[in-house]
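The structure appears below as structure tokens.
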Number of protein chains: 2
Amino acid sequence: MAASVQLALEQLKMNGVRMTPQRHAILSYLMDSKSHPTADEIYKALSPAFPSMSVATIYNNLRLFVEAGLVRELTYGDDSSRFDADLSDHYHAICKSCGQIVDFGYPPLLEVEKAASKETGFTVQGHRMEIYGLCSSCNTTAK
Amino acid sequence: MAASVQLALEQLKMNGVRMTPQRHAILSYLMDSKSHPTADEIYKALSPAFPSMSVATIYNNLRLFVEAGLVRELTYGDDSSRFDADLSDHYHAICKSCGQIVDFGYPPLLEVEKAASKETGFTVQGHRMEIYGLCSSCNTTAK
DNA sequence: ACGTACAATAGTAATAACTACTATGAAGAA
DNA sequence: TTCTTCATAGTAGTTATTACTATTGTACGT
Ligand SMILES: [Mn+2]
Ligand SMILES: [Mn+2]
Ligand SMILES: [Zn+2]
Ligand SMILES: [Zn+2]
């Protein structure tokens, strides 16, 4: 994991992006995490190590990473965005009770893209799909 | 269209929800519309007829309709929600350039729900899926 | 190592969508 | 009509995110 952070930041440096401790910390945290954290969760997690770090720095760098294609942003209505450094092809299942986001694999829905293109005349660039329900632990807890 | 508005409001009356001109206007507008409008678009559209109507009234009633199952809310990250009174089974294609939302039909993705349930242990309640790309008019305009 | 240029940061103000709150007004029951 | 209750208008508050600005720090050439 640590190696690929270095690699990613080297990659960025080509485009005039400088290596800073904050940047390194945010990206490492995301790459080590499986929890799809929010900007604020990242902020709280890194605060002990970087007591003076600004929330704006978190947002700035997350946007930078997303634009560089190193991280994916997951948006959910009014709630805060979540971020995923796992670029592999996968979908998400979201628990309506506790909010946790779990990865799952499934072949990309190319059929639907084709059908949509044919019916709407769109030039399709991609799609979004996610499953909603109750995770196993919330399911046993709730009646 | 006008008939089903009456029907819907009769339905609501059973649950102690009163019929008001604003409520009627908002629901009619949504049912006549194919454009998946935002709260603000509805507000602007009805302002001439209801010059004193409050934005809060739009939000209050949209929430009421959504909770009553008369309207579906479509959420998109930071952007404002859009509302759809078409309850029939359909998906959406969204233009990344002009933002328009177009309906298209496709059989519900039950396979994916099953697969997700098996892999994650979730009790699946539903899913969200939409296509992104360029609509035909934006496609010809842009180089 | 040193100096310079300019990107990045911290801190804060601003924005935008939405919600909460409160006093006034109107439906509908009796 | 009178009373109860719900809805409305108007406004203040909330929250996530962005914009702005002065200061700091990184990288590169010397
Ligand atoms: Mn993921
Ligand atoms: Mn629709
Ligand atoms: Zn859960
Ligand atoms: Zn378009």
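What's counted below: heavy atoms across the whole structure, side chains too, no hydrogens, waters or symmetry copies. Predicted, not measured: the structure shown is a model, and the values here were computed from it. The chains referred to below are lettered A, B, ... by the order of the sequence lines, with proteins before strands, and numbering in each begins at 1.
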Of Leu70(A), Thr20(A), Val17(A), Leu27(A), the residue whose pairing with Leu9(A) passes side-chain contact (heavy atoms from CB on, under 4.5 Å):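 The passing option is Leu27(A).
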Residue among Leu87(B), Asp84(B), Asn61(B), Leu30(B) satisfying side-chain contact (heavy atoms from CB on, under 4.5 Å) with Val71(B):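 Only one option passes, and that is Leu30(B).
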Contacting residues from residues 9-22 of chain A, given that a heavy atom lies under 4.0 angstrom of DNA chain C: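 Hits under 4.0 Å, by residue number: Gly16(A), Val17(A), Arg18(A), Thr20(A), Gln22(A).
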Inter- and intrachain pairs under ring-ring contact (aromatic ring centres under 6.0 Å, His included), touching residues 49-95 of chain B, at least two apart: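 Qualifying pairs, neighbours excluded: His36(B)-His92(B), His90(B)-His92(B), Tyr91(B)-His127(B).
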Stretch residues 38-65 of chain A: residues that reach within less than 4.0 Å of DNA chain D through a heavy atom: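 Within residues 38-65 of chain A, the residues near DNA chain D are Ala56(A), Tyr59(A), Arg63(A).
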To the nearest Å, give me how far apart [atom1] ([X]) and [atom2] ([N]) are.
X: Tyr76(A); N: dA16(D); atom1: OH; atom2: P; value: 16 Å
X: Arg23(B); N: dG28(C); atom1: CZ; atom2: P; value: 11 Å
X: Phe83(A); N: dA16(D); atom1: CZ; atom2: P; value: 13 Å

Shared hydrophobic cluster, Phe122(B) / Ile101(A) (ILVMFWY, side-chain heavy atoms < 4.5 Å):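 No: no chain of side-chain contacts under 4.5 Å links Phe122(B) to Ile101(A).
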Glu119(A) (side chain) donor-acceptor with Gly105(B) (main chain) under 3.5 angstrom: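 Yes: the side chain of Glu119(A) pairs with the backbone of Gly105(B).
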Arg72(A) side chain vs Ala85(A) backbone, donor-acceptor pair below 3.5 Å: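 No.
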Polar contact flag, side-chain donor to acceptor under 3.5 angstrom, Thr38(A)-Asp40(A):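 Looking only at side-chain atoms, Asp40(A) and Thr38(A) do not form any donor-acceptor pair under 3.5 Å.
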Arg82(A)/Glu41(A) ion pair, N-O < 4.0 Å: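 Counted as a salt bridge, because a side-chain N and a carboxylate O are separated by less than 4.0 Å.
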